[in-house]
Amino acid sequence: MFKKLLIALICVFTASFGQMTAREIMIKVDAQPEPKSMVATTDMILISVKRGKTKERLRRITRHQRNYNQGIFASKSLIRFQHPADVKDTGFLMWEYEKDKDDDQWLYLPALGKVKRIVAREKGENFMGSDFSYEDIGGRDLDDDHFSLLGEEKIGANNCYKIEAVPVDGETSYSKRISWIDKNKWIALKIEFYDKKNHLQKVMTIDDLKKDGPYWTILKMRMENVQNQHKTIMIITDVKYDTGIKDNYFTERFLMRVD
């Protein structure tokens, strides 16, 4: 009797020891290789449905980004709108910090000729009419959330871990997020965002990606707001890595520069 119990306990211990925790899974996601810099051209398609009619709007943007391996910054990025005319030259600058500090974000509106700083209470607002909020564009430190492993599910043919992230404090627009993490690529293929009333608000899905050397490139992604029948599709049409962008590119002065 004692021998059978001991064997059972050993089996349970071994199974538990071999299972990764939710935080360990997210650490592997966070540890994915990143280029020193990146330049990408992206088509942003805004799709709305009203009274049974579908309306689409196309916006084209370029994004320059520099990642840091040391110091206080995790990354700096600058987004510039190229098309259509009503948003052309609008710019967005973001500094993402390593930890213990919220992202700094600035929006340049050429019609006003000035830079607007995005404050904490505005980060839940939609970015330029899309379904991505300023918060979605920014990063989150692993210590900002408590993670739980809900199980394993497939997204198409991909085996995924299903991870729930609940904010440690209330400084976010969401009550929780649920992510499906590919067990081979260590990338989130799908994320559900729940509002403060714990109702499903948005769903982000990765539709296409490829590997360029050590880097995974997301070629197509969707963010759909299930509460208002609006969605945004992002399609990368061109991307270049390790282009050697200088640090002074990511400044308010350069943000206001119009070529």
Side-chain angles (χ1 to χ4, degrees), residues 19-32 44-50 54 74 92 94 96-97 99-103 105 118-156 158-183 185-209 216 218 220-234:
Q19 176 67 62
M20 295 180 67
T21 67
R23 184 175 176 84
E24 287 171 340
I25 292 167
M26 297 310 295
I27 288 173
K28 285 185 72 69
V29 173
D30 192 57
Q32 282 289 302
M44 176 190 291
I45 305 169
L46 311 179
I47 303 173
S48 60
V49 179
K50 293 184 178 180
T54 301
F92 176 73
M94 181 173 69
E96 182 185 350
Y97 297 91
K99 57 175 59 179
D100 301 328
K101 183 174 172 56
D102 291 339
D103 300 338
Q105 298 178 335
I118 306 300
V119 297
R121 67 175 181 274
E122 297 173 316
K123 291 192 175 181
E125 297 177 4
N126 290 343
F127 171 66
M128 295 296 292
S130 75
D131 295 283
F132 293 86
S133 67
Y134 291 100
E135 179 181 343
D136 298 334
I137 296 172
R140 286 186 67 80
D141 189 83
L142 289 175
D143 292 334
D144 291 340
D145 297 300
H146 173 73
F147 300 103
S148 300
L149 179 59
L150 303 183
E152 300 181 14
E153 286 185 10
K154 278 193 170 186
I155 298 291
N158 304 291
N159 295 312
C160 299
Y161 292 111
K162 189 176 179 181
I163 306 290
E164 180 184 68
V166 177
V168 173
D169 57 43
E171 296 181 2
T172 174
S173 304
Y174 309 112
S175 61
K176 66 179 180 183
R177 304 184 316 280
I178 298 178
S179 302
W180 281 257
I181 307 298
D182 188 296
K183 297 174 70 172
K185 302 180 182 71
W186 301 105
I187 290 176
L189 299 183
K190 176 182 175 182
I191 304 176
E192 292 182 344
F193 300 82
Y194 290 78
D195 63 20
K196 287 294 190 178
K197 295 182 179 179
N198 211 31
H199 297 148
L200 179 62
Q201 181 181 1
K202 298 191 293 188
V203 181
M204 189 187 77
T205 308
I206 304 301
D207 295 319
D208 190 17
L209 71 165
W216 281 104
I218 296 173
K220 182 179 180 181
M221 65 188 300
R222 288 175 291 148
M223 180 73 92
E224 181 174 4
N225 189 318
V226 300
Q227 296 182 2
N228 66 7
Q229 291 188 298
H230 196 283
K231 64 183 175 182
T232 301
I233 298 175
M234 306 279 278

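Bear in mind that the values here come from a model prediction, so they are computed numbers and not experimental data.
- Scanning both residues, Met94 and Ile137, for their nearest heavy atoms gives CE-O, 3.6 Å.
- Residues passing the side-chain contact (heavy atoms from CB on, under 4.5 Å) test with Arg140 are Glu135, Asp144, Asp145, Pro167, Thr172, Arg177, sequence neighbours excluded.
- Checked by atom type, the side-chain pair Asn198/Ser175 shows a donor-acceptor distance below 3.5 Å.
- Atom CD of Glu125 is surrounded by more than 12 heavy atoms from other residues, nucleotides or ligands within 6.0 Å.
- With hydrogens and angles ignored, the 3.5 Å screen pairs no side-chain donor or acceptor of Ser179 with any backbone N or O of Ile191.
- For the pair Lys183 and Tyr161, the cation-pi test (distance below 6.0 Å, angle within 45°) is passed.
- Rounding to the nearest 0.5 Å gives a distance of 11.0 Å between NZ of Lys220 and OG1 of Thr205.
- With rounding to the nearest 0.5 Å, the separation of CG in Asp208 from CZ in Arg222 is 11.5 Å.
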(request) Please assess Tyr194 against Tyr174 for the test ring-ring contact (aromatic ring centres under 6.0 Å, His included), listing each intermediate value before the final yes or no. (result) CA-CA 5 Å; Tyr194 290 78; Tyr174 309 112; 9.4 Å; no
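- The list of salt bridge (Lys or Arg N to Asp or Glu O under 4.0 Å) pairs with a residue in residues 158-173, not counting sequence neighbours, reads Glu153-Lys162, Glu164-Lys176.
- Contact between Gly139 and Asp103 at its shortest, heavy atoms only, is N-OD2, 3.0 Å.
- Smallest separation of non-hydrogen atoms from Ile218 and Leu209: CA-CB, 4.0 Å.
- No side-chain donor-acceptor contact under 3.5 Å links Asp131 to the backbone of Glu224.
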(request) Assess whether side chain to side chain contact (heavy atoms under 4.5 Å, CB included) is satisfied between Val226 and Val203, documenting all intermediate values. (result) CA-CA 7 Å; Val226 300; Val203 181; 4.2 Å; yes
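- Atom CG of Asn158 sits about 14.0 Å away from atom CH2 of Trp180, to the nearest 0.5 Å.
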(message) Quick one, Ile163 with Ile25, criterion side chain to side chain contact (heavy atoms under 4.5 Å, CB included). Give me CA distance, side-chain angles, the key distance, then yes/no.
(response) CA-CA 9 Å; Ile163 306 290; Ile25 292 167; 3.9 Å; yes
(request) Go through Asp143 and Val168 one step at a time and tell me if the side chain to side chain contact (heavy atoms under 4.5 Å, CB included) criterion holds. (result) CA-CA 8 Å; Asp143 292 334; Val168 173; over 6 Å; no
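- In this structure, Gln105 CD and Phe127 CZ are separated by 9.0 Å, a value rounded to the nearest 0.5 Å.
- Between the Asp182 side chain and the Lys185 main chain, a donor and an acceptor come within less than 3.5 Å of each other.
- Among all heavy-atom pairs drawn from Ser173 and Gly124, the shortest one is OG-CA, 3.2 Å.
- No donor-acceptor pair closer than 3.5 Å links the side chain of Gln32 to the backbone N or O of Val29.
- When the options Asn225, Asn228, Asp136 are evaluated for a side-chain hydrogen bond (donor to acceptor under 3.5 Å, both in side chains) with Lys202, the one that passes is Asp136.
- The closest donor-acceptor contact from the side chain of Ser130 to the backbone of Phe132 lies under 3.5 Å.
- Take Asp102 and apply the side chain to side chain donor-acceptor pair (under 3.5 Å) test, not counting sequence neighbours, and it matches no residue.
- Here the CE-CE distance, from Met204 to Met221, works out to 4.0 Å after rounding to the nearest 0.5 Å.
- Residues that satisfy the side chain to side chain donor-acceptor pair (under 3.5 Å) test with Gln201, not counting sequence neighbours, are absent from this structure.
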(message) I'd like to know whether Ile181 forms a side chain to side chain contact (heavy atoms under 4.5 Å, CB included) with Met26, so could you lay out the CA-CA distance, the side-chain angles of the two residues, the decisive distance to 0.1 Å, and finally the verdict.
(response) CA-CA 8 Å; Ile181 307 298; Met26 297 310 295; 4.2 Å; yes
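- The shortest side-chain heavy-atom distance between Leu142 and Ile27 falls under the 4.5 Å cut-off.
- Ser48 pairs by the side-chain contact (heavy atoms from CB on, under 4.5 Å) definition with Lys55, His230, not counting sequence neighbours.
- The side-chain contact (heavy atoms from CB on, under 4.5 Å) check on Lys28 picks up Met20, Trp186, with sequence neighbours excluded.
- Here the straight-line distance linking atom OG1 of Thr232 with atom CG of Leu46 works out to 5.0 Å at 0.5 Å rounding.
- Of all non-hydrogen atoms in Ser148 and Ala22, the two that sit nearest each other are C-CB, 3.5 Å.
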